[in-house]
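So the structure is just underneath, and the comments pick up after that.
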Amino acid sequence: MIVWINGAFGAGKTTAARELVELIPNSTLFDPEVIGDALPYLLPAKHLAEVGDYQDLPIWRRLVIDTAAGLLAELGGVLVVPMTLLRQEYRDEIFGGLASRRIAIRHILLAPDETILRARVAARDAPPDPRDAPLDPRDGEPRAPAWPFDPIEPYHAALVSWLGADTHRLDTTSLTPYETAERIADAVRTGAASACDIVQTPEPTAETLAAGVLLFDEQDRVLLVDPTYKPGWEFPGGVVERGEAPARAGVREVAEETGIHLTGTPRLLVADWEPPRPPGYGGMRLLFDGGVLHGSDVQRLLLPGPELRDWRFVTEEEAARLLPPMRYVRLRWALRARERGAPLYLEAGEPVGS
């Protein structure tokens, strides 16, 4: 299990986490800040300069997932993680990746009064002694502070949009770090802080067979969904289970993700063999034609939900801006196959044969 302690800068996450590992038996402290501190040693300066926050780097999010999972595999027990996560898509990506490893997460939000937060920000905004600042390995100069000018505003925005509803919130205004840790430990022990409701299938260990279904509206736009557990938009669908027919798997996934129950067997549009690209294993990707959803069908869409954050019908041009390149190529050929009335066989996104 992971106890993830979230909150604005100045909420007292790290001090509470240090107290918490003394209260929870067989627990370990993992601060993802150490991964951010290591990135200047690993990545070119030009690459780092392209982002304002290391959380915007996909490698940071992947390393957080892999490191947390590795620590639990090595040590077992409970991992206590004090880390601010204010962007919902990053929370979903990290928590979804951990869920794929069957790791339960209790998400705690420390929410002291804003006057306390601003006082702590003001104290840290004071110019540091250059002798105390860590050196940037790229140029040997003292590293500039990495926090935003006003870190409270992004916190408030996240609190209103999603953070307040998706966490076990603790008002720590009048609590010491030890008292805060006691409240967290009690919430975990009693189940008041329940496991996060983020769904993800296990990480593949070999090639996989996946089935997606294209659904269209009356303007012939295609339905895309935004999964909570990985970055980028996608088609409704998922991995085919052992002994399951691919078309049936696509219909099942559509029902689970959207609440739409298709009748009959959808028509195959594209079979695309995706070659392995480490760390991925590749496999066969099938796209089926689920037909047109009329107004009453669209009204039954059950999104968003545990697996999907959002949905929208898009044109082919709009899909090119939303989908990762390989998925868009697969969609483009599927639309051509739908126009022709004949399925296409692809390898790595390119048609093969006549």
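Numbers for residues simply follow the sequence, beginning at 1.
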task: Mark yes or no: Arg338 above the aromatic ring of Phe216, with NZ or CZ under 6.0 Å from the six-membered ring centre and no more than 45 degrees from the axis.
output: yes
Main-chain N/O of Thr208 paired to Arg285 side chain as donor or acceptor, under 3.5 Å: yes
- prompt: Salt-bridged, Glu274 to Arg330, with N to O below 4.0 Å?
  reply: yes
message: Could you report the tightest heavy-atom contact between Trp233 and Leu323, atom names first, then the distance?
response: O-CD2, 3.3 Å
message: Between Thr84 (side chain only) and Asn6 (backbone N and O only), is there a donor and an acceptor less than 3.5 Å apart?
response: no
message: Can you tell me how the ring of Tyr54 sits relative to the ring of Trp60, calling it parallel under 30°, perpendicular over 60° and tilted otherwise?
response: tilted
query: Does Ile94 reach the side chain of Ile65, with side-chain heavy atoms less than 4.5 Å apart?
result: yes
- prompt: Looking at Ala337 and Pro343, what are the two nearest heavy atoms and their distance?
  reply: CB-CA, 4.3 Å
- request: Evaluate side-chain contact (heavy atoms from CB on, under 4.5 Å) for Tyr328 paired with Arg321, printing each intermediate quantity in order.
  value: CA-CA 9 Å; Tyr328 170 67; Arg321 297 193 296 268; over 6 Å; no
message: Determine whether a donor-acceptor pair (N or O, by modelled atom type, separation under 3.5 Å) exists between the side chain of Lys13 and the backbone of Val81.
response: no
message: Assigning hydrophobic clusters by single linkage (Ile, Leu, Val, Met, Phe, Trp, Tyr; side-chain heavy-atom cutoff under 4.5 Å), is Leu29 placed with Leu71?
response: no
message: Given 3.5 Å as the limit, does a donor-acceptor pair link the side chain of Arg91 with the main chain of Leu85, or not?
response: no
- prompt: For Arg332, does the CZ atom sit with more than 12 other heavy atoms under 6.0 Å from it, leaving out its own atoms?
  reply: yes
- prompt: Less than 4.0 Å between a side-chain N and a carboxylate O, is that true for Glu244 and Arg252?
  reply: yes
- prompt: Excluding sequence neighbours, so at least two apart, what forms salt bridge (Lys or Arg N to Asp or Glu O under 4.0 Å) with Glu347?
  reply: none
query: Can you find a pair of side-chain heavy atoms, one from Thr14 and one from Glu33, that are under 4.5 Å apart?
result: no
query: Looking at CG of Leu268 and CZ of Phe288, how far apart are the two atoms once the value is rounded to the nearest 0.5 Å?
result: 5.0 Å
task: Measure the spacing between CG of Leu262 and CZ of Arg248 and express it to the nearest 0.5 Å.
output: 8.5 Å
- request: Give a yes/no verdict on a cation-pi contact between Arg61 and Tyr90, requiring under 6.0 Å between NZ or CZ and the six-membered ring centre and an angle within 45° of the axis.
  value: yes
message: Atom OH of residue position Tyr178 - does it have more than 12 heavy atoms of other residues, nucleotides or ligands inside 6.0 Å?
response: no
- prompt: Quick one: do Ile24 and Ile184 end up in the same hydrophobic cluster if we chain Ile, Leu, Val, Met, Phe, Trp and Tyr together by side-chain heavy atoms under 4.5 Å apart?
  reply: yes
- request: Taking Trp333 for its side chain and Ala271 for its backbone only, find out whether a donor-acceptor pair lies under 3.5 Å.
  value: no
message: Using every non-hydrogen atom in the two residues, find where Val251 and Val213 come nearest and quote the distance to one decimal.
response: N-CG2, 4.3 Å
message: Quick one, Asp166 with Gln88, criterion side-chain contact (heavy atoms from CB on, under 4.5 Å). Give me CA distance, side-chain angles, the key distance, then yes/no.
response: CA-CA 10 Å; Asp166 286 13; Gln88 187 178 19; 4.0 Å; yes
- line: Correct closest heavy-atom pair for Trp273 and Glu207 would be NE1-OE2, 4.2 Å
field: Pairwise distance CG(Asp226) to CH2(Trp311) - rounded to 0.5 angstrom
entry: 13.5 Å
message: Are there over 12 heavy-atom neighbours, none belonging to Glu74, within less than 6.0 Å of that residue's CD?
response: no
query: Which distance, rounded to the nearest 0.5 Å, do you find between the CZ of Arg189 and the CZ of Arg106?
result: 13.0 Å
- prompt: Does some side-chain heavy atom of Leu20 sit less than 4.5 Å from a side-chain heavy atom of Val78?
  reply: no
message: Phe235 vs Val225, test: side-chain contact (heavy atoms from CB on, under 4.5 Å). Steps then yes/no.
response: CA-CA 6 Å; Phe235 325 107; Val225 295; over 6 Å; no
field: Connected hydrophobic set around Ile116, excluding itself, where side chains approach under 4.5 Å
entry: none
message: Does atom CD (Glu317) have a neighbourhood of more than 12 heavy atoms from anything else shown, all under 6.0 Å?
response: no
- prompt: Side-chain heavy atoms under 4.5 angstrom apart, residues restricted to Ile, Leu, Val, Met, Phe, Trp, Tyr: same cluster for Leu175 and Leu170?
  reply: no
field: Phe95 with Val64, same ILVMFWY side-chain cluster at under 4.5 Å
entry: yes
message: With clusters defined by side-chain heavy atoms of hydrophobic residues (ILVMFWY) lying less than 4.5 Å apart, directly or transitively, does Val80 cluster with Ile35?
response: no
query: Looking at Met326 and Asp272, what are the two nearest heavy atoms and their distance?
result: SD-OD2, 4.3 Å
task: Mind listing the closest non-hydrogen atom pair of Thr173 and Asp171 along with its distance?
output: OG1-OD1, 2.7 Å
- prompt: Looking at CZ of Phe30 and OG1 of Thr28, how far apart are the two atoms once the value is rounded to the nearest 0.5 Å?
  reply: 11.5 Å
- prompt: Do Leu110 and Ile108 pass the side-chain contact (heavy atoms from CB on, under 4.5 Å) test, and can you show the C-alpha distance, the side-chain angles, and the key distance before you say yes or no?
  reply: CA-CA 7 Å; Leu110 305 189; Ile108 311 292; 4.2 Å; yes
message: Can you tell me which residue among Leu39, Leu57, Ile59 is in a side-chain contact (heavy atoms from CB on, under 4.5 Å) with His47?
response: Leu57
query: Hey, are Asp186 and Arg183 close enough for a salt bridge, meaning a charged N less than 4.0 Å from a carboxylate O?
result: no
Arg336 CZ to Leu344 CG distance, which is reported to the nearest 0.5 Å: 10.0 Å
field: Check: Met83 and Gln55 side chains under 4.5 Å, non-hydrogen atoms
entry: yes
message: Determine whether a donor-acceptor pair (N or O, by modelled atom type, separation under 3.5 Å) exists between the side chain of Asp289 and the backbone of Arg267.
response: no
